[in-house]
Amino acid sequence: MPSLLYFIVEQRKQPDLRGLPTAVVQYNAWKGGALIAVSYEARKYGVKRSMRGAESKQVCPQIQLVQVPVARGKADLSTYRNAGSEVVSILSRKGRCERASIDEVYLDLTDAAETMLAEAPPEILEVIDEEALKSHVLGLNSEDGSDAKESVRKWLCRNDADRRDKLLACGAFIVAELRLQVLKETEFTCSAGIAHNKILAKLASGMNKPAQQTVVPFSSVKVLLDSLPIKKMKQLGGKLGDSLQSDLGVNTVGDLLQFSEEKLQERYGINTGTWLWNIARGISGDEVEGRLLPKSHGSGKTFPGPQALKTIASVQHWLHELCEELSERLQLDLDQNKRIAHTLVLHATAYKVSDSDSHKKFPSKSCPLRYGTAKIQEDALSLFQAALREYLGSYTAKMQGSQNNHWGITSLSVSASKIVPIPSGTASITKYFHGHPSCSSTKQSQNNLIEEATPVPPSGNESYSEVNVTKPQIEFPGEETMIKYAETSSDQLEDKIDLLNDQNPCCSSTNQACDEFTQETVLVSTSGNEHCSGMNQSQPMKNYSGEESCVTLSMPSFNRQEQKRKAVKDKRTCSILRFFKNQDPSCAPQKLEHVENTEDVKAPPLSPGIQSRSNNCLDQNRSELPKERPPEDAGDSNVCGSFQIEHRRGGAWSYNIDEIDPSVIDELPPEIQQEVRAWIRPHKRHNTVKRGSSIAHYFLPTKNT
DNA sequence: CATCGGCACACT
DNA sequence: GAGTGTGCC
């Protein structure tokens, strides 16, 4: 956990730590605990994460070690989570915001940048924000002798710049302001990257730390990537990056350019291959998701070495602690965000003393999640026992309770996933999630039903004997929810939207008493053609005047057939359409029948790469609705022609997706936004390349050249 | 044994 | 859809 956030949070608690070499450590007992965050001052002394506390004292005797809070015998990260939420609530003011991790956020500032460019472009500003002037602009030849700030100012305010760079400049101003805002309101500092897509923004954000921002002009992308070590790219820091280096001899991102998309797909599968081909060119269609809340909650702990758990009783004890924390967080999520988790998952790792198949993994198990701490504890234990039996296989060590010589548990974790917003009119429903005893009074007759739906009622047959009262309410989250929305009065609807505009509902009730100082990462992508950081800048963007359809720059637009193709899919769509219908009569579908034509949609005769690139580039043409893929962009002209992806349509899809005003989408509750965007975006393709059962296969040498 | 605990996502 | 594995912070 390299997160500096942890450090800053602690610094905020103890201001006198500022300027001192400091590290955050958890569990002081064994060798001084593990370092999980190290201040820059401490780094100068050679202190690294991966060191133990005692070790760090050796290289830096004066280091200040601060401990992670402990609750229920385990690390409690809630203060850090809350700190992240504080920042998110500020950053989400200016655009779509994705909370990528506890200390990382992506923003889509396209709209804000467009607006600024139209209404108050940098060139007319009289006073230039000092913070913006401190930006690092990649590729800006700071001609010796000239002041860095002055050249940044010139770049930011250049009148004759490419429009894409103008948007980035606006983004730089907006980000500078946001960072100041964060500092003012939370005392945390943050770094940021400003670029045309997420992966480049992410890359840039790490280039000048701490507390600085870096811009990647469109024209600098190629130079930047050419010599960039491959493993610096997000997602390539692990085995995939290793494989690129050792198997393909790719050491820099630029080295990737020599491989055809097909070649990369051959080796790494369709999706990864295409993804690699694209990022080599600075292209990424990865969208900023508009999600301020986590998709799952988990609580876990490791029991290394001699601490391994060897009795059911000890496992039960720790599961109780973990489940208690999880339950508490679920309850908070429910109260604050009106969301319900549907699935409980148990993970563990174990060792088994040498026996035949002794390095089998301890299996994960899941079951429907029932609210209430006691129920969660009970279910988690049942899951554990089921997994343990499977793990131990044939020989069932009967010895429970007392020491056993056969196995030991070295880690335990419980998590809750499939979290969806509560349908609506929550008041009467939510009480059932507060662990009310009333839950248990349900009919036996339904037990079978539940048990059937629940694959793992391990030992205790009573584990699942209680019917989950909430079930009927949440069984069809997608459809039900949408319908509820559709039926909601406009008042309630506004509530939903308020929730969204409220910035961060999840921290509304949390601390604003802030006094300190922090470091966090802000990643920003902006610009209309955000996905298109292709190398080929020779082609100026076409112009357009958006009237044609209700396309806004905040969303990629595709041609109509394309949209139709993507829109099909699940029945959930149907309910969403209803939502739209009620929302905006002007876009109302005439009929809601939808067609099951997704299956016959044999992939059109073009590669996914082409598909992706096309999509990316359409952005440039926005309202033009090109009939064919524009030749510009990615240099590789062999990809053109393919745009009729869609001619596969055929079906009787009766809803004109084009008629949905995309700007409306931004105003929907986040979960709906997500779903709606999902249709409009290209979907991942199934990997048709058969290669064996594991993805590790991709990393193995292949016969075909 | 001992980089912890935690997320997200791809793949089968 | 459940379970595994990877990768990041």
Side-chain angles (χ1 to χ4, degrees), chain A residues 1-6 24-27 29-38 48-53 55 68 70 74-78 80-81 84 98-105 202 206 231 233-243 268-272 275 286 289 291 293-308 322 325-326 329 342-343 345-347 349-351 360-368 383 387 390 408-418 453-456 520-521 684-687 689-699:
Chain A
M1 252 179 315
S3 176
L4 260 198
L5 175 68
Y6 294 20
V24 179
V25 75
Q26 70 185 1
Y27 305 136
W30 193 67
K31 296 189 179 178
L35 270 54
I36 61 172
V38 179
K48 301 187 163 140
R49 329 191 276 290
S50 87
M51 283 181 171
R52 312 292 307 189
E55 218 175 326
V68 171
V70 170
K74 66 176 291 295
D76 177 10
L77 305 187
S78 56
Y80 309 125
R81 273 189 210 99
E98 175 180 338
R99 187 175 187 173
S101 77
I102 199 167
D103 68 341
E104 265 194 340
V105 168
K202 159 72 179 163
K231 303 200 68 171
M233 290 297 280
K234 185 175 164 91
Q235 297 296 323
L236 298 183
K239 296 186 179 185
L240 181 53
D242 287 340
S243 167
Y268 298 109
I270 293 212
N271 293 320
T272 303
W275 181 82
D286 192 14
E289 285 297 330
R291 180 176 48 77
L293 302 173
K295 292 180 160 179
S296 66
H297 299 290
S299 175
K301 178 169 172 57
T302 56
F303 308 94
Q307 304 186 59
L322 298 176
E325 182 193 327
L326 180 61
R329 286 164 59 193
H342 283 182
T343 305
V345 187
L346 178 127
H347 294 275
T349 59
Y351 68 81
K360 213 169 37 168
K361 299 255 173 211
F362 198 90
S364 303
K365 292 292 162 195
S366 63
C367 70
L383 291 175
E390 186 175 320
I409 299 297
T410 53
S411 87
L412 275 179
S413 90
V414 290
S415 56
S417 55
K418 292 181 186 156
T454 307
V456 215
E520 153 145 357
T521 308
K684 297 272 175 173
R685 301 179 100 213
H686 282 307
N687 202 345
V689 187
K690 306 267 198 287
R691 288 187 141 255
S693 52
S694 149
I695 61 180
H697 241 89
Y698 291 129
F699 301 119

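Note that these values count all heavy atoms, side chains included, but never hydrogens, waters or copies made by symmetry. So you know, we letter chains A, B, ... as the sequences are listed, proteins then strands, and number each from 1.
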Open item on the list: I'd like to know if the side chain of A:Thr349 and the backbone of A:Ser411 have a donor-acceptor N/O pair within less than 3.5 Å.
Closed with: yes
- prompt: With respect to the phosphate group of C:dG3, does any side-chain polar atom (N or O) of A:Ser366 fall under 4.0 Å of OP1 or OP2?
  reply: yes
note: A:Ile409, atom CD1; B:dC1, atom P; distance rounded to Å ~ 15 Å
- Query: OP1 or OP2 of C:dT4 less than 4.0 angstrom from a side-chain nitrogen or oxygen of A:Lys361, does that happen here?
  - Reply: no
Intermediate values then yes/no, side-chain contact (heavy atoms from CB on, under 4.5 Å), A:Phe362 and A:Ile409: CA-CA 9 Å; A:Phe362 198 90; A:Ile409 299 297; 4.0 Å; yes
query = At under 4.0 Å between heavy atoms, what does A:Ser50 touch on the DNA or RNA strands: base, sugar-phosphate, or nothing?
reply = base
- Task: Look at the side-chain N and O atoms of A:Asn271 and state whether any lies under 4.0 Å from the OP1 or OP2 oxygen of B:dC11.
- Result: yes
Between CG of A:Leu412 and P of B:dC4 the distance, given in whole Å, is 14 Å
- Query: For A:Arg81 and B:dC7, is the shortest distance between a side-chain N/O and OP1 or OP2 below 4.0 Å?
  - Reply: yes
task = Using only side-chain N and O atoms of A:Ser101, determine if any of them is under 4.0 Å from OP1 or OP2 of B:dA8.
result = no
Next on the checklist: At 4.0 Å (heavy atoms only), tell me whether A:Ser299 reaches a base, stays on the sugar-phosphate, or touches nothing.
Outcome noted: sugar-phosphate
Intermediate values then yes/no, side-chain contact (heavy atoms from CB on, under 4.5 Å), A:Gln307 and A:Trp30 | CA-CA 11 Å; A:Gln307 304 186 59; A:Trp30 193 67; 5.7 Å; no
Q: Decide salt bridge (Lys or Arg N to Asp or Glu O under 4.0 Å) for A:Glu325 and A:Lys74; before the verdict, give the C-alpha distance in whole Å, the side-chain angles of both, and the deciding distance to 0.1 Å.
A: CA-CA 10 Å; A:Glu325 182 193 327; A:Lys74 66 176 291 295; 2.7 Å; yes
Correct closest heavy-atom pair for A:Arg81 and A:Arg99 would be O-NH2, 2.9 Å
Among C:dC8, C:dA2, B:dG6, the one nearest any side-chain atom of A:Lys202 is C:dC8
Can you tell me if A:Lys295 touches the phosphate of B:dC9, counting only side-chain N or O atoms and a distance under 4.0 Å to OP1 or OP2?
yes
Quick note, A:Pro363 side chain, CB onward, closest among C:dT4, C:dA2, B:dA8 is C:dT4
Looking only at B:dC7, C:dC9, B:dG5, the nucleotide nearest the A:Arg329 side chain is B:dC7
Of B:dC4, C:dG3, B:dA8, the nucleotide closest to the side chain of A:Ser364 is C:dG3
**Prompt:** Touch check for A:Lys418, heavy atoms < 4.0 angstrom, all strands: base, sugar-phosphate only, or nothing?
**Reply:** sugar-phosphate
Taking for A:Asp76 and for A:Arg52 the nucleotide of DNA chain B with the nearest heavy atom, the one nearer the 5' end belongs to A:Arg52
Closest to the side chain of A:His297, out of B:dC7, C:dC8, B:dC4, is B:dC7
Against the side chain of A:Lys239, the closest entry in C:dG3, C:dG7, C:dC9 is C:dG7
* To do: Give one of base, sugar-phosphate or nothing for A:Pro306, where a contact means two heavy atoms less than 4.0 Å apart.
  => base
Of B:dA2, C:dG7, C:dC8, the nucleotide closest to the side chain of A:Leu240 is C:dG7
From CZ of A:Arg685 across to C1' of B:dA10 the rounded distance in Å is 16 Å
Taken to the nearest whole Å, CH2/A:Trp275 to P/C:dT6 is 16 Å
Atom NE2 of A:His347 and atom P of C:dG5 are separated, to the nearest Å, by 12 Å
Stepwise salt bridge (Lys or Arg N to Asp or Glu O under 4.0 Å) check, A:Lys360 with A:Glu390 | CA-CA 10 Å; A:Lys360 213 169 37 168; A:Glu390 186 175 320; over 6 Å; no
For A:Lys31, which contact category applies under a 4.0 Å heavy-atom criterion: base, sugar-phosphate, or nothing?
nothing
Next on the checklist: Checking A:Val38 against A:Lys48 for the side-chain contact (heavy atoms from CB on, under 4.5 Å) test, could you report, in this order, the C-alpha distance in whole Å, the side-chain angles of both residues, the deciding distance, and whether it holds?
Outcome noted: CA-CA 7 Å; A:Val38 179; A:Lys48 301 187 163 140; over 6 Å; no
Side-chain atoms of A:Trp30 come closest, of B:dC9, B:dA2, B:dG6, to B:dA2
- Taking atom P in both C:dC9 and B:dA2, compute the distance separating them and give it to the nearest angstrom. 23 Å
Taken to the nearest whole Å, CD/A:Gln235 to P/B:dA10 is 9 Å
Atom CG of A:Leu77 and atom P of B:dT3 are separated, to the nearest Å, by 18 Å
Regarding the side chain of A:Ser296, the nearest nucleotide among C:dC9, B:dA8, B:dG5 is B:dA8
Exercise. Would the number of heavy atoms belonging to other residues, nucleotides or ligands and lying under 6.0 Å from NZ of A:Lys231 be above 12?
Worked result: yes
Separation of B:dC9 atom P from A:Glu104 atom CD, nearest Å, is 13 Å
Testing B:dC4, C:dG3, C:dC9 for proximity to the side chain of A:Tyr27, the answer is B:dC4
* N/O (side chain, A:Arg49) to phosphate O (OP1/OP2, B:dC4) under 4.0 Å -> no
By nearest-heavy-atom nucleotide on DNA chain B, the more 5' of A:Thr272 and A:Met51 is A:Met51
* Asked: Hey, does A:Glu55 reach any base, or is it just sugar-phosphate, or nothing, if we go heavy atoms under 4.0 Å?
  -> nothing
